Structures are given as C-alpha cells and as structure tokens.
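The structure displayed is predicted, hence computed values, not measured ones. In the text below, chain A, chain B and the rest are named by the order of the sequence lines, each starting its count at 1.
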Amino acid sequence: MTTFADLGIDQDIVDALASKGIVDAFPIQEQTIPLGLPGQDIIGQAKTGTGKTFGFGIPVVQRLGLNPEHGVKALIVVPTRELAVQVYEDIDLLTSNRSTSVVAIYGGKAYEGQIDQLKAGAQIVVGTPGRLIDLAGQRLLDLSNATEVVLDEADKMLDLGFLADIEKIFQKVPAVRHTQLFSATMPGPIVALARRFMSNPIHIRASDPDEGLTQANIKHLVYRAHSLDKDEIIARILQAEGRGKTVIFTRTKRAAQRLVDELGDRGFNVGGVHGDMGQDQRERSMAAFKAGKRDVLVATDVAARGIDVDDVTHVINHTIPDEDKTYLHRAGRTGRAGKTGIAVTFVDWEDLHKWALINRALEFGQPEPVETYSSSPHLFEDLDIPAGTKGRLVSAPKTQSVKTERAPRPERAADAAAEGTDEGGTRRRRRRRGGSNPVGSTFAEGATDSASGDSQSAPSGDRSAEGAGTHDGAGKEHHDGKPAPARRRRRRRGGSGGAGAAPVVGA
DNA sequence: AAAAAAG
C-alpha cells in the first residue's frame, strides 16, 4: 500500500501525520496529492470517509512553504460551522511542524478571537461563507493573496443556497490561483458549473464509476414505519448488540430537539446538533460525541456532510431525506476509514416515492421497504437486538439499565456537577409535557472540553490498522465503557429471509 | 419545503 512518504510530501508533514498513526494513503490521496502539489486544478470525488480532507489539505499546506509570510494565502470554504472546526483541526495537524498558522472563521462565535488570529497573520483560513463575506466586507479579512482555494463539499457549496455567496468569494480571491473542489457527490451539471471557477481542472474519481457511489462496507436497512412507533423502534435499535456511536437524522430542527428530549428521558446518553441550538451548545455536543462522552447524536442535515467521528456503527434516518445525495452523505457518517457500518432508514407511507427515487439513483435494487415490526421480525435479526425482547413492543429502557450498560455514571455525574445544572430528566420532562421547546438549553455537555480539545479523533485515522475492504465486524470492540457482549449471536441468519422480506442492500 | 449560512 502506498504511504504518504511515497507521495512526495515534505517530511515534516509526513511526521505530523505519523504522530497520529496515519501512515498509509487512501486512493483519493494517492491520486490527487501528486497532482495538487504542483498546482493542478482538481475536482476530486471519492466516497464518504475515504480521506478527501488530506487529499486537498496536504497540497495546500505544502505549497505555502515552510515559512510563509504573514497574511492569508489559502482559503478553504465549507458548508457548516462544525465542519469548519473539523477541517481546521485536520489542517492544523498538518502544520504542526511548521510555522504556518490556521484560523477557523465562522458564525455564531465572537468576532474577537477570529479577528485577532487574522491580525496575527494566519495564512490558512477555513470558514463558512457568511462570516467570511462579513469579515471581508469589513476589510478584516484580505483574500486578495489567497492563491489556494478549496471548496469542500463542493456540490453543496455550488447549490442554490450557497452559490451567490461563493460567487462573491471567488470575486475576492486572485484570478490566477490553485483551485480544488472536493465532494463524494458531483452531479454532472454541478461539474459543468464548477468549471467556471477553475482552469483546466482534472476530474478525479477515486473509485470505479461502475461501482456506484455507496460505500460497500455500509449495510443499508430500510423499513416502512408508522411515525408513532418510531421512538420505540429507535429505542430498541439503540440496544442492539455491537452498537457503538449512533447518529440519528431528522428532517426538521424541531423533530431533532423532540427526539433529543425523548431519548434523554428514556435514559440514553444523547445530545443534539441543529440550527436552533446556540453555537456553543452545538460545539460542546459535537465534541462530547466525538470524545465518546455521548454515544447518541440526534441531528438535522447540518451534520449530514463531512463530519468525521470514529466508531459510528449506526446511522438512523428517522425521516427519509428528499434527495439521494443527502441519503448518501448521511449514511456516510458510518463505515468510515475501512470500517463497517449500518444505515437504518424509516420510510413513512407518504414518503415511499422518495425511497423509490433514492433506491433508483443509488442503484440499490431493493424492491420495497419492509413494514416494521408489526410484521417484521427481520428488523431485530438484522440489527442484533438481544433475544427476549424480539418482536415485542417493549417500553422504554429503564434509565438504570441503560446507564449501567453505557457510559460510566460517575463521569456523567461529574459532568453535570461541573456544569452546575441538573442534568437529569426533570427539566426535559417538564418541557416536553409543556409542549414548548426552548431549544438549546436542554443539554448539559461535559463542561471541561471545548471543541478543539484533545477530542480530536485522528481524522480519517485508523487507516493504518486495516487494509482496504477488510471488515472489522464482530471482532472489534466498539464501545467505551460498555461491557463486551457475552453472547454474540450469529450476525446474519440464513441470508435475509424470504421474498421481498429482505430489507438488506449493499454489503 | 427544510436546512444551512451574518447578526
């Protein structure tokens, strides 16, 4: 396997990566880095969780040189604030052995710190469009020397919601520059549009086009569900054997908050991320999830793209997304860096056409979602939900049993104490009954850590551990603090049942 | 139509 050292990368960067155990290069990195280093414009496309960030980040850092002059030389634009934080951390790692400094510029935060870092001469800016334009308009951010430009999640950045901002930003950077666009999804029309901002770009696809876009190591399970049942079913899934971290996606901010409260009431170690939360809360919640202090994250599509968390074993689509691209990005929060994952999707009756669309676009070839549990014990087989509770609509797991199973209690108690709030269910319960949801105030995250603490989970890391395509399935311990399941039953029984009953697609 | 992104 190709290592980073083989790719013409400066030794200090190779060392920085090695310090996190990152040695082997993924295919997208192998293909784009040698082109990016000499300044070739690139449209880089590779599946979720296969290392795109370093694919563009390493050339950016290296091309600035060991001791770049003060002032912004590189701009990386991303669609969400949390992704800005994450990419900032990745780039910061790459620069750890050189004088280059990086700053994250995004909304919801005080201006002061960001402006200070710009004034101190930061050379690489990672940011979201709104705040970037804001600061540029105030002459606090000078992009006129930013000869390195990257759009991460490029198809999203060129979407209608962002395109006007992106055009503004491109007007502020030099006409002669090195431009890189990366995403797992790059529809033809977007590629055509993208060329307007690039010169003679080469389109790199890191995988066989015939292979489709979905990750082979993600198993897709699709069920028709009645909305009233979903809380129960999700509660059951959260008790599946071998479950590590789990991300649950909802369609709306309100639905996300409701589910955070509901699952919290049921005793799960859950946090949320959505746009109605305060930015500090969002970041604490993400950090707690990344660090393993929480093992369930309920999110809107703000977390659908790019977010890289180790050991996410399950993604649950509480509501099926409208677009195939969104489905693919959501599911891609699991099965990263060669690991396996499960994506469970609930399809409401009126949303069956959406599943048909996604099914077709992603070439799943799945006939029809199976009805959940009234008729389908398959749900429980496929998800390894412990025997004895199978097929029965059980009430919520009691707080006690879940707590002993999951995160060590002392830690939680300590967190709550440190925060000086009553983290317990009382506030949530009251609020839920009351119907109104003053969101943002319901979480009590670990008080100690901030977003950029040591919660950094070796971005795209782990790759050294396993060869491409190997499945770590039953052999691996996914949990922090959770006792290894004594009984590990067959993962998969007799394939997938009978005609049409198989909710399985993919690997 | 929702979510995201400036405040």
Short side-chain N/O contact to [N] OP1/OP2 from [X], under 4.0 Å:
{"X": "Arg81(A)", "N": "dA6(B)", "answer": "yes"}
{"X": "Lys253(A)", "N": "dA4(B)", "answer": "yes"}
{"X": "Arg282(A)", "N": "dA5(B)", "answer": "yes"}

From the list [options], which nucleotide is the closest neighbour of the side chain of [X]?
{"X": "Asp134(A)", "options": "dA3(B), dG7(B), dA2(B)", "result": "dG7(B)"}
{"X": "Tyr111(A)", "options": "dA3(B), dA2(B), dG7(B)", "result": "dG7(B)"}
{"X": "Thr300(A)", "options": "dA2(B), dA3(B), dA6(B)", "result": "dA3(B)"}
{"X": "Thr128(A)", "options": "dG7(B), dA5(B), dA3(B)", "result": "dA5(B)"}
{"X": "Asp322(A)", "options": "dA4(B), dA6(B), dA1(B)", "result": "dA1(B)"}

Please classify the nucleic acid contact of [X] as base, sugar-phosphate, or nothing, using heavy-atom distances under 4.0 Å.
{"X": "Arg305(A)", "result": "nothing"}
{"X": "Asp159(A)", "result": "nothing"}
{"X": "Gly107(A)", "result": "sugar-phosphate"}

For [X] and [N], give me the distance from atom [atom1] to atom [atom2], rounded to whole Å.
{"X": "Leu160(A)", "N": "dA2(B)", "atom1": "CG", "atom2": "C1'", "answer": "14 Å"}
{"X": "His329(A)", "N": "dA3(B)", "atom1": "NE2", "atom2": "P", "answer": "19 Å"}
{"X": "Ile169(A)", "N": "dA6(B)", "atom1": "CD1", "atom2": "C1'", "answer": "12 Å"}
{"X": "Leu151(A)", "N": "dA5(B)", "atom1": "CG", "atom2": "P", "answer": "16 Å"}
{"X": "Leu83(A)", "N": "dA5(B)", "atom1": "CG", "atom2": "P", "answer": "10 Å"}
{"X": "Leu158(A)", "N": "dA4(B)", "atom1": "CG", "atom2": "P", "answer": "20 Å"}
{"X": "Asp301(A)", "N": "dA5(B)", "atom1": "CG", "atom2": "P", "answer": "12 Å"}
{"X": "Leu163(A)", "N": "dA3(B)", "atom1": "CG", "atom2": "P", "answer": "22 Å"}

Open item on the list: Nearest heavy atom decides the nucleotide; on that basis, is Glu323(A) or Ile133(A) closer to the 5' end of DNA chain B?
Closed with: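 Between the two, 5'-proximity favours Glu323(A).
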Task: Side-chain touch Thr179(A)/Pro201(A), heavy atoms, less than 4.5 angstrom - done: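 Thr179(A) does not reach Pro201(A) side chain to side chain.
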Open item on the list: Assess, by modelled atom type and distance only, whether the side chains of Lys52(A) and Gln29(A) contain a donor and an acceptor separated by less than 3.5 Å.
Closed with: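 The answer is no; no qualifying pair exists.
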- [ ] Answer with yes or no whether the side chains of Glu82(A) and Gln86(A) bring together a donor and an acceptor at under 3.5 Å.
- [x]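 No - no donor-acceptor pair under 3.5 Å links their side chains.
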Open item on the list: Aromatic contact between Tyr327(A) and His220(A), with the criterion being ring centroids under 6.0 Å apart: yes or no?
Closed with: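 Ring-ring flag for Tyr327(A)/His220(A): true, centres closer than 6.0 Å.
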Task: Identified side-chain contact (heavy atoms from CB on, under 4.5 Å) partner of Leu75(A) from the options Leu141(A), Val126(A), Val60(A), Leu143(A) - done: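 Among the candidates, only Leu143(A) passes.
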